[in-house]
Each structure stands twice: as C-alpha cells, then as structure tokens.
Peer 1: 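The following block contains the structure, expressed as structure tokens.
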Amino acid sequence: MKKYIIVGGVAGGATAAARLRRLDESAEIILFERGDYVSFANCGLPYYIGSTIKDRERLLVQTPEKLNGRFNIDVRVKSEVIQIDPAAKKIKVRTNDQKIYEETYDALLLSPGAQPLRPPIPGINHPKIISLRNIPDADQLKHFADMNLHRTVIIGGGFIGIEMAENLRQRGLDVTVIEAAPHILAPFDTDMVKIIEKELVEKGVRIILEDGVQAFSDNDGTIEISLSSGKKVSADFVVLAIGVRPDTQFLQNSGIHLGARGHILVDEHLQTNAADVYAVGDAVEVVDFINGEKTAVPLAGPANKQGRIAADNIAGIPSQYKGVQGTSILKVFDLVAASTGSNERSLKRQQQVYKAICIHPESHAGYYPGSNQMTLKLLFDLKGRILGAQAIGYDGVDKRIDVIASVLRLGGTVYDLTELELAYAPPFSSAKDPVNMAGYAAENVLRGLTDGIAYADLPEAIAKGARLIDVGTELEYKTHHLPGAVNFPLDELRTRLTELDKTVPMVVYCKVGLRGYIAERILKQNGFSVKNLMGGYTSAKQQDFTVNEATSDTDITNEQKSPGIASQSILSFDEEMDLTGLSCPGPLMKLKLKFDTLAPGKIVKAIASDAGFFSDSKAWCDRTNNLLLKREQERGRVIVWIQKGHLADTNVQTGAAQLAAAKDNKTIVVFSGDLDKAIASFIIANGAAAMNKKVTMFFTFWGLNILRKPEPVTVEKYLMEKMFGWMMPRGSKNLKLSNMNMFGLGTKMMRQIMQKKNIDSLEKLIKTAQQNGIEMIACQMSMDVMGIQKKELIDGIQVGGVGSYLSAAEDANVNLFI
C-alpha cells in the first residue's frame with residue numbers, strides 16, 4: 001500500500017488529494033494543513049466581507065470530516081510541516097500544542113501556498129493593519145466593517161486590493177487605495193486600466209498613484225499613514241494587499257531547489273529535483289505559456305489544474321503542465337475587466353515584435369434593448385499568433401475573453417478568430433461577434449489594409465505634420481471632437497477629396513474606429529498617406545482620464561419623492577427615452593422636445609450615456625417646473641425618472657411681483673480674457689455679493705485664461721493643445737489690456753495706477769470673490785476645445801456645462817455678457 005503525503009490544502013493540495021483517491025483506492029493519503037481550514041474559497045473572501053456572500057459556511061469548500069467521509073483522506077489541521085528529508089523520505093510535523101513527530105512517505109506533494117508581504121515599514125504591526133489571506137483574516141476585516149469603522153485605506157492596487165475597495169465602498173465606507181506603481185492592476189495596459197480607475201473614482205473610491213508608504217503611526221486610535229510624497233492619510237483600519245511571497249522557508253535546508261524569489265522549481269510534470277517530490281500552487285515557479293520564460297502566477301485556476309496533473313504523475317499517469325497564461329477576471333462595481341496572455345509592457349520587455357488593435361463592439365445586437373459597449377484589445381505577432389487580450393465592459397466580457405483564451409491555448413491565430421462560429425441571437429450577440437470583429441481588425445492590419453495609430457502616439461504624428469481628420473457627422477463634430485481636428489463627414493469624403501493635400505499625411509478617426517477604417521481605405525486608394533486612430537474618439541476619451549484630476553459624484557440615491565407617488569411605484573413610468581450615444585446638450589434637447597408634447601403628470605424614464613446628464617437633468621427639472629423623481633448611475637449609463645409639470649401644481653408662485661422678487665440673483669458670462677474686462681467683471685460681481693446677492697460667473701473661451709494657474713502644470717496634451725497653451729496667457733497676471741496695451745507697457749501702467757489709487761488688483765478681486773461665496777464655473781466644452789484641464793485652474797473652480805449655467809441664469813434678474 002502506497003503512502004502519499006500532501007502539505008497544504010486549499011486549491012492545489014485538496015484537488016490533488018481527491019484526485020489521488022480516485023486513482024488509488026488502497027493508498028494511505030494524509031493531508032497536513034497549518035491552519036484551521038483545509039479547503040476554502042479564498043477568492044470569495046472579499047465578497048463575504050462586503051456582505052454579498054452572507055453565509056460564512058458557504059466559503060468552506062471542504063471540511064476535514066467531508067474529505068475523510070467521502071475520500072477516506074486523513075486530514076490533520078493545525079499541523080505544520082517544519083522539515084523535509086527527501087533522502088530518507090520523511091517529514092517532521094509540529095502540532096498546535098507544540099508536539100513534534102515524523103511521518104514517512106512514498107510520494108510527497110507540496111502545496112504550501114504563499115504568505116502576504118509585510119515589509120519592515122515602521123508601525124506595520126498595528127493590530128488594525130490586516131492582510132487578507134484566509135478565513136480568520138476575513139473574519140477580522142468583516143468585524144471592523146460591522147463596527148462602523150468608517151475610513152479604510154487599502155495598500156496595493158492588485159486584484160485583492162481592488163475587490164476589497166469595491167466591497168467596502170458598497171458597504172458605505174470611505175475607501176482610499178494607495179498604489180506605488182503608475183496604475184493599478186498590473187495585467188492591464190495603461191490605455192485599458194484607465195477605464196477601471198474611472199469606474200472606481202466615479203463610485204467614490206479615492207485613488208493615490210505613484211506613492212509609497214513610509215510609516216504607519218497610531219494617533220489616538222486612528223492609523224496615520226505617511227507617504228513618500230509627504231502626504232498623510234488617516235484610516236480607522238488598513239487592508240494590506242501589496243502582494244505575496246511563496247511560503248517555502250521550511251524547505252531552505254531540504255535540498256529542494258528554489259528560485260531567486262523562493263519559489264519551488266519544478267519540471268513539466270510538476271516534479272522537483274528530489275525523487276517522488278512534487279509541488280503545485282502559488283509556491284511554484286512555472287513556465288509562461290506565451291514566451292516560455294519562468295514565472296509565478298498565484299491564481300486558483302492554475303493551482304487546481306496543477307493539483308490534478310501532479311496527482312496523475314504520482315499515480316503513474318504521465319501528464320504535463322504546459323504553462324500558465326494568466327487568464328483572469330474581476331468585477332469592479334458595474335464594470336467587468338478580464339485579460340489573458342501578455343500585455344504590452346511584458347512584450348516590450350521581452351523585445352517581442354507585435355501589433356495591437358482596439359475595438360468597441362456592442363455586447364449584443366444594438367437594436368435589441370440593453371446592449372452595452374465594451375472595449376476589446378488584442379495583441380498578436382506578425383504571423384498572427386495571439387499573444388494576449390484584454391476586455392472591459394458591462395456585459396459579455398467573460399465569454400469573449402474565454403473564447404480568445406481558448407484559441408490562444410490551442411496555438412491559434414487571429415485568422416482563427418475570424419472563422420469561429422459562435423452562438424448568435426440578438427439578446428446574446430451579433431451576427432459578427434466581438435471576437436470575430438477583433439479577428440477581422442487584426443487581419444486587416446496584417447494584410448496591410450490599415451495602419452492603426454495609438455492615441456498615445458498621436459501627438460508625435462501631429463508634431464511631424466499630420467493633419468487630424470474627423471469623419472463623423474457634422475452633428476457629432478459639433479458635439480465633440482479632438483482638438484485640432486477638421487470635419488470631413490465620411491459620406492461626403494469622396495466628393496471633397498480635392499480639398500485635401502496628398503503631400504500632407506493624415507490621421508482619420510470616428511467614434512469607435514470603423515468609419516475611420518472606411519475613410520482610410522477611400523483615401524489610401526486615392527493616393528493619400530493616412531492612418532486610422534485605434535478605437536477612435538472613444539479610446540481617446542478613455543485615455544484622457546486622469547485619477548488626480550477626477551472627482552466623484554456618489555449621490556445616486558433617490559432625489560425627492562412626489563407627495564402623490566408612493567416610493568414603491570417610483571420606478572414605474574409612462575414613456576421611456578433612449579438618449580444613449582448623445583452628448584451635451586443633445587440629451588437635454590431631446591428631453592425638451594418630448595416634454596413639450598407630454599401631458600401633465602406623465603412620467604418619463606430617460607436613459608443616457610453622457611455622464612454630464614446626471615447633474616444636467618436635475619438642473620433642467622428645477623428650471624422647467626418638472627419633478628425629478630429619481631436618478632441613478634448603472635452600468636455606465638445615467639437613468640432618470642421625471643414627472644411632467646408636477647412642480648407647477650405645488651411649488652410655482654403666482655404674480656409678477658412675487659416672481660420678480662424671487663429672481664434676484666446675478667449671472668455674468670465672462671467671454672473675454674482682457675485684463676480691463678476681467679477687472680470690471682469681478683468688481684461688478686463683488687459689488688453684487690456685497691449686497692447679499694447670489695452671483696454666478698461662467699467663464700468660457702478666452703475668459704478661461706483668467707482662471708489658469710500662473711505656474712506651469714504638468715499634464716498630458718496633444719500638440720494642438722500645447723500650442724493653445726503656449727499662445728494663451730497663463731493666469732490673471734499675464735492678461736493684456738483690450739486697448740492701448742502697447743506691448744505690455746499699458747498693462748503695467750494700469751496695474752500701477754490701480755495700486756496708487758488703492759484699487760484692488762485682479763488677483764485680490766478674485767480671492768475676494770471666492771471669500772464672498774461667488775460661484776465660478778469653467779465651461780467644460782470650452783476647456784475641451786482649448787485643451788485646458790481642470791488641474792491647470794486655480795483652486796475652488798467648478799467645471800460645468802450649459803445646464804449648470806442656465807440653471808443659475810433662470811434665477812437671475814441680471815445676466816451680463818463680458
């Protein structure tokens with residue numbers, strides 16, 4: 001009778017034990033587990049802490065009793081293997097009561113797992129700094145959350161850190177994630193991970209990037225975290241999620257070979273250098289399936305497969321582990337993000353020549369309700385071999401990445417993706433599935449039919465003289481376009497070729513890249529040099545997101561409830577409007593047209609994809625005597641319920657005198673960036689504020705220069721945006737007079753006279769305006785056109801659109817345009 005010993009349970013060890021029993025009924029199998037739990041769902045721990053999984057017992061995949069009863073396995077918990085002697089084929093075990101004994105074996109399987117990293121940072125041993133690795137850790141963290149400890153800081157932006165951020169935020173905690181790298185979630189490329197970062201910020205999670213922890217200290221029960229940048233962050237408890245190390249210290253003197261980072265070295269059969277000793281799971285170093293290099297990937301899926309393969313080899317069934325490709329997925333609030341294979345960083349590090357495509361297909365047929373756009377990126381070599389893929393969206397992400405991962409595993413190419421026959425019906429997919437579309441796009445690249453250019457490379461192309469062409473419709477162009485682009489609608493392109501110069505290279509783009517590709521084909525076959533912007537305007541806006549400039553609007557609760565409607569019926573509606581795909585002010589314009597013909601009391605449910613519609617819809621309702629019943633953000637969309645004319649029945653005052661008295665606020669549109677006009681604007685504004693009037697100043701186009709910080713601010717910009725910045729004055733101190741500027745001499749004279757006559761400078765007038773509570777709004781559309789980012793504006797400035805300004809103007813009896 002054979003005797004098999006397994007060190008460590010959870011995924012790899014427990015799987016191997018069960019497989020061995022199925023292969024050898026007569027063998028003696030002993031499984032040693034240092035902790036209390038032999039097999040538990042460690043991937044489910046964050047969701048138990050977040051109360052999504054409410055029954056703690058469901059986390060226990062197998063108990064010692066179940067393993068013994070069903071598989072006749074001798075499970076010994078609270079028993080730590082402290083020494084291995086491969087030559088004598090025996091191990092030394094220490095029990096929970098410190099007794100030590102030995103066991104012999106015929107074959108030994110090592111599945112010790114990994115331990116959370118806890119670097120020697122001052123104060124790291126604080127009792128409220130917890131790493132999440134096992135059931136007791138989860139119990140402790142859930143206890144902290146149940147105690148209403150409101151502020152938590154998560155150190156590390158990996159999978160566990162982000163899952164913890166989501167779950168604790170959903171419980172209502174104030175959550176901050178601190179990541180030392182430039183971005184969270186290392187498996188994703190920068191252009192993709194920004195989508196995830198935006199989702200986190202919009203859901204109220206604060207993210208601090210490129211900053212490390214220097215020290216922890218206790219401040220009267222609160223943990224104060226000192227960062228490398230000098231910042232300090234306070235927390236009621238801390239989740240440490242900065243990575244893991246293999247738990248292999250007990251093997252140091254065993255003769256079993258370990259890698260540079262302490263991982264157990266194994267061959268393709270998962271056997272170590274020692275006879276009859278195998279190893280699996282987080283503690284082993286395996287082969288990267290893509291490039292053949294050694295790697296370690298602590299994922300449950302590979303650990304389970306390794307456990308089965310190792311058991312086969314122990315039982316005499318030849319079996320190979322061919323490597324890990326790192327297929328992974330996570331949920332981030334409403335968003336789903338998945339990846340497989342290599343990313344661009346790893347390919348560049350390996351000096352691998354590769355190509356990339358990025359598309360934005362719908363999750364299912366666009367004409368069937370409920371479709372959501374996803375972003376799908378594919379990496380491949382010059383022969384078409386798939387090297388990696390990443391997908392982010394709200395629906396259908398999992399099955400697309402799984403299909404690509406399967407083709408990759410089988411050594412497939414992008415051409416194979418085009419030939420896949422996948423399940424189709426309108427509620428589930430499109431006749432051309434997103435996987436097929438990715439294959440088609442990659443095939444076009446390899447066959448030379450398209451030259452894609454990444455958004456990150458666009459500034460360099462423009463600097464070298466490329467002309468940026470927007471091939472969307474005229475309405476799309478007016479609503480949104482990239483700075484410096486000129487509009488040549490695709491359907492007019494063939495008739496307007498004479499307006500383009502064949503000696504000037506071009507970059508074309510549309511919303512997602514498809515029409516850009518069609519335009520590229522037209523132009524190339526007419527002798528033009530042209531590239532298509534990968535992913536179009538959608539990718540550009542995704543990549544423009546910057547964590548440090550982001551703000552979150554987490555107010556997604558019910559707004560106000562109509563006295564005549566019970567709360568349980570708020571979700572009912574008379575008509576539904578699909579406003580997705582429209583940008584400001586498109587949703588408001590469609591809303592107005594609908595409500596002009598709607599009977600009083602009727603309720604409209606409107607769904608928009610423009611994020612600004614969340615605030616604009618409330619402002620519109622306040623000014624049109626309609627009642628905003630509810631608004632929410634869900635799966636990348638803004639959903640509002642509005643009742644027609646309800647406020648008119650209850651809240652509108654009658655009589656011209658009453659109306660005039662109510663509208664006593666002042667609004668000023670500051671269009672000019674001239675010094676004298678800016679001074680006049682703030683003098684009037686401060687005068688009105690001194691008379692206890694509410695004042696709103698709306699800065700648009702050249703007026704934005706008044707609000708710019710005087711010092712340079714490091715932000716990523718296109719060449720055209722940079723040129724705007726060079727040409728425009730930076731802040732109030734650099735403004736010129738509208739008349740008699742005289743190369744700056746007139747400006748100096750004006751400032752000297754103002755000082756001599758004891759008139760406040762423009763800078764002091766601005767500061768006084770802020771102290772007086774004057775609301776200053778920077779026009780988002782003008783900022784986009786002129787390439788100005790919020791980070792470049794002085795502190796205390798709001799960013800808004802048409803809805804914000806009109807809302808203020810509606811309550812004003814004075815509206816100045818300067």
Side-chain angles (χ1 to χ4, degrees), residues 189-195 343-345 347-348 352-361 375-382 384 387-390 414 437-472 476-477 480-488 490 493 500-545 716-723 787:
D189 288 320
T190 299
D191 56 345
M192 299 292 284
V193 79
K194 286 189 174 186
I195 307 171
N343 58 22
E344 288 199 72
R345 286 189 301 278
L347 292 175
K348 289 175 180 177
Q352 166 76 54
V353 178
Y354 70 94
K355 294 287 186 179
I357 61 95
C358 183
I359 60 175
H360 301 283
T375 299
L376 178 57
K377 181 175 182 178
L378 187 67
L379 305 171
F380 48 96
D381 68 16
L382 299 185
L387 301 174
Q390 298 161 46
V414 299
M437 295 301 296
Y440 295 143
E443 182 182 57
N444 287 337
V445 170
L446 293 174
R447 291 181 174 171
L449 296 177
T450 181
D451 291 318
I453 180 171
Y455 179 66
D457 298 328
L458 185 60
E460 182 181 353
I462 293 176
K464 291 180 178 179
R467 190 180 186 190
L468 189 57
I469 306 293
D470 185 318
V471 298
E476 284 179 292
Y477 179 80
H480 54 70
H481 63 268
L482 297 179
V486 292
N487 186 215
F488 280 75
L490 176 61
L493 189 57
L500 298 171
D501 187 346
K502 290 185 178 180
T503 65
V504 177
M506 287 178 284
V507 175
V508 296
Y509 76 89
C510 61
K511 185 175 181 181
V512 297
L514 178 57
R515 285 172 294 166
Y517 167 63
I518 297 172
E520 179 189 12
R521 295 303 304 148
I522 293 171
L523 292 168
K524 276 188 172 179
Q525 293 177 81
N526 280 278
F528 292 89
S529 174
V530 58
K531 293 179 181 291
N532 183 25
L533 182 62
M534 246 189 342
Y537 184 84
T538 300
S539 283
K541 297 311 293 181
Q542 287 174 344
Q543 294 173 56
D544 273 341
F545 175 81
E716 295 181 5
K717 290 189 176 184
Y718 296 115
L719 175 65
M720 295 298 292
E721 292 177 323
K722 290 179 180 178
M723 290 177 65

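Just so we're clear, the structure is a prediction, and the values are computed from it rather than from any experiment.
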Peer 1: For K524 and D451, what are the C-alpha separation, side-chain angles and deciding distance, and is it a salt bridge (charged side-chain N to carboxylate O under 4.0 Å, His left out)?
Peer 2: CA-CA 10 Å; K524 276 188 172 179; D451 291 318; 2.8 Å; yes

Peer 1: Applying side chain to side chain contact (heavy atoms under 4.5 Å, CB included), name anything that partners N526, two or more places apart in sequence or on another chain.
Peer 2: L497, I522, F528

Peer 1: E476 and Y537: side-chain donor and acceptor closer than 3.5 Å?
Peer 2: no

Peer 1: Could you work out, with side chain to side chain contact (heavy atoms under 4.5 Å, CB included) as the rule, every residue matching Q542, not counting sequence neighbours?
Peer 2: I195, H360, T375, T538, S539

Peer 1: Using ring-ring contact (aromatic ring centres under 6.0 Å, His included) as the criterion, list what pairs up with H481, not counting sequence neighbours.
Peer 2: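 So H481 forms a ring-ring contact (aromatic ring centres under 6.0 Å, His included) with Y477.
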
Peer 1: Taking N343 for its side chain and D189 for its backbone only, find out whether a donor-acceptor pair lies under 3.5 Å.
Peer 2: no

Peer 1: State which residues pass side chain to side chain contact (heavy atoms under 4.5 Å, CB included) with A441; sequence neighbours excluded, sorted by chain then number.
Peer 2: I357, I359

Peer 1: Are Y509 and L458 close enough that some pair of their side-chain heavy atoms sits under 4.5 Å apart?
Peer 2: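 Answer no - side chains too far apart.
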
Peer 1: Under 3.5 Å, side chain of K531 to main-chain N/O of G452, donor-acceptor pair present?
Peer 2: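 The answer is no, because no donor-acceptor pair under 3.5 Å joins these two groups.
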
Peer 1: Answer yes or no: are there more than 12 heavy-atom neighbours, outside K355 itself, under 6.0 Å from its atom NZ?
Peer 2: no

Peer 1: What residues, two or more places apart in sequence or in another chain, satisfy ring-ring contact (aromatic ring centres under 6.0 Å, His included) together with F380?
Peer 2: none

Peer 1: What distance separates E460 CD from I453 CD1, expressed to the nearest 0.5 Å?
Peer 2: 8.0 Å

Peer 1: Taking NZ, NE, NH1 and NH2 as the nitrogens, is one of them in R467 or D501 under 4.0 Å from a carboxylate oxygen of the other?
Peer 2: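 D501 and R467: not salt-bridged.
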
Peer 1: What's the verdict on side-chain contact (heavy atoms from CB on, under 4.5 Å) for V414 and L378, showing C-alpha distance, side-chain angles and the deciding distance?
Peer 2: CA-CA 9 Å; V414 299; L378 187 67; 3.8 Å; yes

Peer 1: According to side chain to side chain contact (heavy atoms under 4.5 Å, CB included), who are the partners of S529, at least two apart in sequence or on a separate chain?
Peer 2: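 For S529, the residues satisfying side chain to side chain contact (heavy atoms under 4.5 Å, CB included) (neighbours in sequence not counted) are P505.
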
